[in-house]
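Following: one structure in structure tokens, then a few remarks.
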Amino acid sequence: METIRLNRSNLAEWQKKARPNVMALGCFDGLHHGHCAVINTAFQKANEKQVPLAVMSFFPHPKTVITNGKIHVHYLMPLAEKEAKLRKMGVDTFYIVEFDKGFAGLAPEQFAAQYLNGLGVVHAVAGFDFSYGARGAGNMDRLKSDSGGRIDVTKVAKVELRGEKISSSCIRERLLNGKVAELPDLLGQFYETQCEWNGEKFILYPYYTLPGPGRYQVSLNNLSGSVQTEVTVMNDGTTLKCTDEIPFIGKLSIVWKKQIVEARKLRIS
């Protein structure tokens, strides 16, 4: 898989190199079941058309740019992890578009012309609520028209769990409320964060979100093995304390399995 970081200064260069492709569009933070439905649909379309599969994502998160930093987005995974998972899903080209004020101000037709037509897209796939262009004026119902009729479009229906749309937002909400045991139903696996253990403290890698303050059953994994233990997220939301001694040093992953809820003691008067 080739990863291409796109911005306004190098767009023309990559347009010259582009070949016909099917492209999945979205932020894809967390690569949850809804995201996977979009990418797997695009994978099938690419196979049907016998062209490469591309994915286009945006960084930093559009909400951060559009609100001038007033909204802080809790990322679920760094770009390197997203890249690794997309590679396993059979993606050929991963475009990471630099989302800045200039990009946010593009008219829907300009986005379609420059970033889709210009990059060889013959078929675009996205979720039912994907929007593009200034103020999100573009949507999947008008994309074919915005592309001058050159791009076929597949709009993927909402993916739900017990009537709730599976989204990055609902995953972040559960994380921050400590409901890590519910995440496998949304992500397809337990939530996992990467960090360094230096023998005294955990140093979390950027672009992960820790669960809310509380005590958790976790698995600590590295190349040397795996340890089942308990970790406490302190009230500052960033400091981690481990119940047991950790038998290895260096990079490890924390797999968050279940919040430990203390039983309330009955008061007898």
Side-chain angles (χ1 to χ4, degrees), residues 27-37 61 63-64 71-82 84-85 88 158-268:
C27 283
F28 301 119
D29 187 26
L31 285 175
H32 55 63
H33 286 319
H35 294 151
C36 291
H61 196 286
K63 285 183 180 178
T64 301
I71 292 181
H72 171 67
V73 175
H74 295 273
Y75 289 94
L76 298 174
M77 63 167 53
L79 288 172
E81 184 175 332
K82 185 186 299 186
K85 291 190 175 183
K88 290 180 180 178
K158 178 167 55 176
V159 178
E160 297 180 323
L161 176 67
R162 293 186 284 274
E164 178 185 16
K165 174 194 167 188
I166 296 178
S167 67
S168 300
S169 296
C170 78
I171 292 170
R172 294 185 193 107
E173 181 182 358
R174 282 169 170 77
L175 261 178
L176 296 173
N177 287 316
K179 298 178 180 179
V180 297
E182 298 180 14
L183 297 185
D185 287 340
L186 306 170
L187 290 168
Q189 61 188 36
F190 287 108
Y191 185 64
E192 188 170 349
T193 55
Q194 303 287 334
C195 65
E196 292 278 339
W197 169 251
N198 64 9
E200 295 182 357
K201 64 179 180 179
F202 294 95
I203 304 168
L204 188 72
Y205 289 175
Y207 302 111
Y208 288 106
T209 295
L210 285 177
R215 192 156 58 99
Y216 297 87
Q217 291 179 2
V218 304
S219 174
L220 303 181
N221 305 322
N222 82 346
L223 296 177
S224 301
S226 179
V227 173
Q228 308 302 312
T229 185
E230 295 177 7
V231 164
T232 298
V233 181
M234 306 304 286
N235 287 332
D236 63 5
T238 59
T239 304
L240 302 178
K241 300 289 184 182
C242 187
T243 301
D244 303 311
E245 184 176 344
I246 300 174
F248 32 69
I249 298 290
K251 181 179 179 179
L252 56 82
S253 68
I254 306 175
V255 181
W256 302 88
K257 295 185 174 179
K258 181 181 179 182
Q259 185 177 31
I260 301 169
V261 180
E262 301 289 350
R264 291 186 178 183
K265 294 182 179 179
L266 293 175
R267 288 186 178 181
I268 301 175

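Keep in mind that this is a model prediction, so the values were computed, not measured.
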Distance-minimising heavy-atom pair for [X] and [Y]:
| X | Y | result |
| --- | --- | --- |
| Pro213 | Asn235 | CB-OD1, 3.7 Å |
| Lys82 | Asp29 | NZ-N, 4.2 Å |
| Phe248 | Ser224 | CD2-CB, 4.2 Å |
| His74 | Arg172 | O-NE, 2.6 Å |
| Ser169 | Lys63 | OG-NZ, 4.3 Å |
| Thr239 | Lys241 | CG2-CE, 4.1 Å |

Inset, instruction - Answer yes if the ring centres of Tyr216 and Trp256 are under 6.0 angstrom apart, and no otherwise. - result: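 Aromatic pair counts; centres sit under 6.0 Å.
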Inset, instruction - Flag yes if more than 12 heavy atoms outside Asp236 fall under 6.0 Å of its CG atom; otherwise flag no. - result: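 Yes, because the 6.0 Å sphere around CG of Asp236 holds more than 12 heavy atoms from other groups.
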Legend entry - Side-chain heavy atoms of Val233 within contact of Leu240, under 4.5 Å: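 Heavy-atom side-chain distance check passes, below 4.5 Å.
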Legend entry - Sub-4.5 Å side-chain heavy-atom contact between His61 and Ser168: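 No, their side chains stay 4.5 Å or more apart.
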Legend entry - Parallel, tilted or perpendicular: ring planes of His32 versus His35, cut at 30 and 60 degrees: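 The rings of His32 and His35 lie parallel, inter-plane angle below 30°.
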Legend entry - Chi angles and distances behind the salt bridge (Lys or Arg N to Asp or Glu O under 4.0 Å) call for Arg174, Glu164: CA-CA 13 Å; Arg174 282 169 170 77; Glu164 178 185 16; 2.7 Å; yes
Legend entry - Side-chain (Thr193) to main-chain (Tyr208) donor-acceptor, under 3.5 angstrom: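 It does not hold such a pair.
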Legend entry - Side chain Asp185, main chain Gly188, donor-acceptor under 3.5 Å: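 Here the side-chain-to-backbone pair does not exist.
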Inset, instruction - Please report the C-alpha distance between Tyr191 and Val180 in whole Å, then the side-chain angles of each, then the deciding distance to 0.1 Å, and finally whether the side-chain contact (heavy atoms from CB on, under 4.5 Å) criterion is met. - result: CA-CA 7 Å; Tyr191 185 64; Val180 297; 5.7 Å; no
Once rounded to the nearest 0.5 Å, what's the spacing between atom [atom1] of [X] and atom [atom2] of [Y]?
| X | Y | atom1 | atom2 | result |
| --- | --- | --- | --- | --- |
| Ile249 | Glu200 | CD1 | CD | 9.0 Å |
| Trp197 | Leu252 | CH2 | CG | 9.0 Å |
| Ile166 | Cys36 | CD1 | SG | 10.0 Å |
| Leu31 | Leu187 | CG | CG | 9.0 Å |

Inset, instruction - Report the residue from Leu175, Leu176, Asn177 that forms a side-chain contact (heavy atoms from CB on, under 4.5 Å) with Glu173. - result: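 Only match with Glu173 under side-chain contact (heavy atoms from CB on, under 4.5 Å): Asn177.
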Inset, instruction - Please lay out, stage by stage, how Ser219 and Lys257 fare under the test side-chain contact (heavy atoms from CB on, under 4.5 Å). - result: CA-CA 8 Å; Ser219 174; Lys257 295 185 174 179; 3.8 Å; yes
Inset, instruction - Could you verify whether a donor N or O on one side chain and an acceptor N or O on the other, from Thr229 and Asp244, lie under 3.5 Å apart? - result: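 Result is yes, a qualifying pair exists.
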Legend entry - side-chain contact (heavy atoms from CB on, under 4.5 Å) between His33 and Leu161, worked out: CA-CA 10 Å; His33 286 319; Leu161 176 67; over 6 Å; no
Inset, instruction - Dump the intermediate steps for side-chain contact (heavy atoms from CB on, under 4.5 Å) on Ile254 and Phe202, then the final yes or no. - result: CA-CA 10 Å; Ile254 306 175; Phe202 294 95; 4.1 Å; yes
Inset, instruction - Would you mind telling me which of Glu81, Glu196, Lys251 makes a side chain to side chain donor-acceptor pair (under 3.5 Å) with Tyr205? - result: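 Exactly one candidate clears the test, Glu196.
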